[in-house]
Participant: 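Take a look at the following structure, please.
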Amino acid sequence: MRSSFVLVAFLLAPAAVFASEFDGSSGITPRSAENILHRHRQHAHVVRDGKKALKKRALSKSKRCKAKHTTTSAPAPTQTKESGDANDGSGDVIQIDGGKCNPVGATAKTTKTTGPNGSIDFLNCGIHSGGWTPPKITVKNLIYKSLDNPNVRKTFAPCTKYFDKFEQYAKANGFPSIFLAAFAMQESSCNPGTKGGGGEVGMFQLSPDKCKQGVDCFDVDYNMRTAAEYFKGQLDSSGGNVLEALGSYNGWFEGITEGKARAAAGGPCCLCQNNLDYLHQWTNGWIQGINAYEAGLGKYFNLRVCSGH
């Protein structure tokens with residue numbers, strides 16, 4: 001009984017037992033004490049080693065979990081301009097250096113002669129002296145709204161049944177769908193049966209040379225596809241300059257002056273003039289979700305001299 005009691009005491013309080021000189025009076029010989037001590041030390045090592053192993057495995061598992069999480073986490077979604085519902089460019093106003101066409105004169109709110117993409121004088125740079133020198137504005141620079149915006153769609157209400165087609169043909173040519181909606185409203189108020197004073201045809205007012213023989217040029221799909229492809233071609237040939245491509249759509253060319261733009265006013269085709277407010281109406285009106293005609297955007301209104309316009 002005594003040996004058992006001492007053994008229990010030894011296990012519970014090893015420091016006290018090992019402090020004695022083991023003279024045999026306790027019933028534990030030096031050799032048996034050495035064996036017990038050896039086993040105790042082995043047990044202590046096992047416990048310590050076990051704890052270390054558990055800690056190491058837990059840390060390793062934590063690192064694996066972190067690594068797994070890092071490699072499998074989905075990338076942040078890329079926002080496109082089409083997905084926004086306010087001004088979708090860099091800030092409220094266009095951020096470019098207008099060079100010799102400075103000042104840009106951009107304002108967050110569209111007015112009769114200014115807007116997010118610059119003033120009408122900036123957009124028409126050089127038209128009063130030496131000829132038009134279109135500032136370089138790319139799709140990336142341009143400030144515009146998304147056609148998905150419910151408030152914007154109200155402006156384009158006459159085009160409602162064509163929204164899917166705008167998306168289809170704009171996407172096929174790599175530019176925002178509101179661009180086609182803007183052309184449709186600017187050119188014909190989205191009326192596919194419109195015929196212009198100079199023989200222009202359909203919703204996008206295609207010039208007669210773009211209407212192939214034997215093709216119904218008033219057909220909405222043909223008219224829209226041809227307009228989209230023409231604008232894309234102008235974008236490419238101008239190095240991505242939206243303003244130059246836009247001017248080309250209305251018959252503008254680099255070097256055109258106000259006098260040349262008005263030249264047809266006194267002839268049999270008054271409506272064959274180049275609309276001097278076109279760039280401002282399109283960039284600061286239509287693609288901002290604003291009806292450029294109802295808002296009276298511009299300062300030239302050179303087509304008003306034409307009878308019935």
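Since the structure is predicted, the reported quantities are computational estimates derived from the model, not experimental observations.
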Participant: Out of N124, N284, I127, which residue meets the side-chain contact (heavy atoms from CB on, under 4.5 Å) rule with L279?
Facilitator: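 Option passing the side-chain contact (heavy atoms from CB on, under 4.5 Å) with L279: N124.
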
Participant: Can you find a side-chain donor-acceptor pair between T138 and N141 that sits under 3.5 Å?
Facilitator: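 Yes.
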
Participant: Can any side-chain N or O of D92 pair as donor or acceptor with the backbone N or O of A108 at less than 3.5 Å?
Facilitator: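 Not confirmed, D92 side chain does not pair with A108 backbone.
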
Participant: Y230 ring centre to K210 NZ or CZ under 6.0 Å, with the angle to the axis within 45°?
Facilitator: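 So K210 does make the cation-pi contact.
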
Participant: Do the side chains of P135 and F122 get nearer than 4.5 Å, heavy atoms only?
Facilitator: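 Sidechains of P135 and F122: in contact.
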
Participant: Looking only at non-hydrogen atoms, find the nearest pair between G298 and D277 and report the distance.
Facilitator: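 So the two residues come closest at CA-OD1, 3.3 Å.
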
Participant: Would you name the heavy atoms of C306 and Q273 that are closest together and state the gap between them?
Facilitator: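 Taking C306 first and Q273 second, the nearest heavy atoms are SG-NE2, 3.5 Å.
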
Participant: Taking salt bridge (charged side-chain N to carboxylate O under 4.0 Å, His left out) as the test, write out the residues that go with D221, two or more places apart.
Facilitator: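 Residues passing salt bridge (charged side-chain N to carboxylate O under 4.0 Å, His left out) with D221: K165.
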
Participant: In the structure I gave you, are the side-chain heavy atoms of T155 and I290 within less than 4.5 Å of one another anywhere?
Facilitator: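 Answer no - side chains too far apart.
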
Participant: Does K299 pair with D121 as a salt bridge, N-O distance under 4.0 Å?
Facilitator: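 Yes, this pair counts.
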
Participant: Checking E187 side chain against A184 main chain: does a donor-acceptor pair fall under 3.5 Å?
Facilitator: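 Between the backbone of A184 and the side chain of E187 there is no qualifying donor-acceptor contact (under 3.5 Å).
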
Participant: Pick one: which of Y278, F166, W282, Y162 meets ring-ring contact (aromatic ring centres under 6.0 Å, His included) with F183?
Facilitator: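 Exactly one option meets the ring-ring contact (aromatic ring centres under 6.0 Å, His included) with F183, and it is W282.
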
Participant: Side chains of T107 and T114: any donor to acceptor distance under 3.5 Å?
Facilitator: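 The criterion, which ignores hydrogens and geometry beyond distance, is satisfied for T107 and T114.
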
Participant: Between the side chain of E200 and the main-chain N/O of S207, is any donor-acceptor distance below 3.5 Å?
Facilitator: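 Answer holds: no.
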
Participant: When you measure from the side chain of N173 to the backbone of K232, do you find a donor-acceptor pair of N or O atoms at a distance under 3.5 Å?
Facilitator: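 No, the answer is negative, given that no donor and acceptor are paired below the 3.5 Å cut-off.
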
Participant: Is it possible for you to say whether W286 and M224 belong to one hydrophobic cluster, with membership spreading through side-chain heavy-atom contacts below 4.5 Å?
Facilitator: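 Yes, same cluster.
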
Participant: Return the minimal non-hydrogen interatomic distance between L123 and W132, and the atom names on each side.
Facilitator: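 What the structure gives for the nearest pair is O-NE1, 3.0 Å.
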
Participant: Look at the side chain of R153 and the backbone N and O of L147, then say whether any donor-acceptor pair between them is shorter than 3.5 Å.
Facilitator: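 Yes: the side chain of R153 pairs with the backbone of L147.
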
Participant: Taking side chain as C-beta onward, heavy atoms only, is N191 less than 4.5 Å from P158?
Facilitator: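 No. Closest side-chain heavy atoms not under 4.5 Å.
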
Participant: For G198 versus C272, what's the shortest heavy-atom pair and its separation?
Facilitator: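 Distance-wise, the nearest heavy atoms are CA-SG, 3.9 Å.
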
Participant: Taking atom CG of D164 as the centre, does the number of heavy atoms from other residues, nucleotides or ligands within less than 6.0 Å exceed 12?
Facilitator: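 No, because the 6.0 Å sphere around CG of D164 holds 12 heavy atoms or fewer from other groups.
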
Participant: Under a 3.5 Å cutoff, is there a donor and acceptor pairing between the side chains of T257 and K260?
Facilitator: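 No pair is found: no donor N or O on one side chain lies under 3.5 Å from an acceptor on the other.
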
Participant: Just checking, R304 and F301: is the charged tip under 6.0 Å from the six-membered ring centre and within 45° of the axis?
Facilitator: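 The answer is yes; both the distance and angle limits are met.
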
Participant: Between S188 (side chain) and M203 (backbone), is there a donor-acceptor pair under 3.5 Å?
Facilitator: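 Yes; at least one donor-acceptor contact below 3.5 Å.
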
Participant: Grab the two heavy atoms, one from S177 and one from A170, that are nearest each other, plus how far apart they are.
Facilitator: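 So the minimum-distance heavy-atom pair works out to CA-CB, 3.5 Å.
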
Participant: Answer yes or no: is there a side-chain heavy-atom contact under 4.5 Å between F175 and V242?
Facilitator: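 No; the side chains remain at least 4.5 Å from each other.
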
Participant: Decide yes or no for L235 and N241: does some side-chain heavy atom of the first lie under 4.5 Å from some side-chain heavy atom of the second?
Facilitator: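 The answer is no; the side chains never approach within 4.5 Å.
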
Participant: Ignoring hydrogens and angles, state whether a donor on the side chain of Q234 or E244 is under 3.5 Å from an acceptor on the partner side chain.
Facilitator: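 No, because no side-chain N or O of Q234 sits under 3.5 Å from a partner of the opposite role on E244.
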
Participant: Between E254 (side chain only) and G131 (backbone N and O only), is there a donor and an acceptor less than 3.5 Å apart?
Facilitator: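 Side chain of E254 to backbone of G131: no pair is present.
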
Participant: Measuring only between side-chain heavy atoms, which start at C-beta, is I178 closer than 4.5 Å to S146?
Facilitator: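 No, their side chains stay 4.5 Å or more apart.
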
Participant: Indicate yes or no for a side-chain donor-acceptor contact from E229 to the backbone of A227 under 3.5 Å, with no hydrogens or angles considered.
Facilitator: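 Pair absent, no side-chain N/O of E229 close to backbone of A227.
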
Participant: Can any side-chain N or O of N149 pair as donor or acceptor with the backbone N or O of K145 at less than 3.5 Å?
Facilitator: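 Absent.
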
Participant: Do N223 and Q205 get their side chains close enough for a donor-acceptor pair, meaning under 3.5 Å?
Facilitator: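 Q205 and N223 do not have a side-chain donor-acceptor pair below 3.5 Å.
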
Participant: Are N250 and Q186 packed together at the side-chain level, in the sense that at least one heavy-atom pair is separated by less than 4.5 angstrom?
Facilitator: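 Side-chain contact under 4.5 Å: no.
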
Participant: How about N117 and H280: do any of their side-chain heavy atoms sit closer than 4.5 Å?
Facilitator: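 A side-chain contact under 4.5 Å is absent here.
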
Participant: Examine distances only and state if a side-chain atom of K100 and a backbone atom of C125 form a donor-acceptor pair shorter than 3.5 Å.
Facilitator: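 Side chain of K100 to backbone of C125: no pair is present.
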
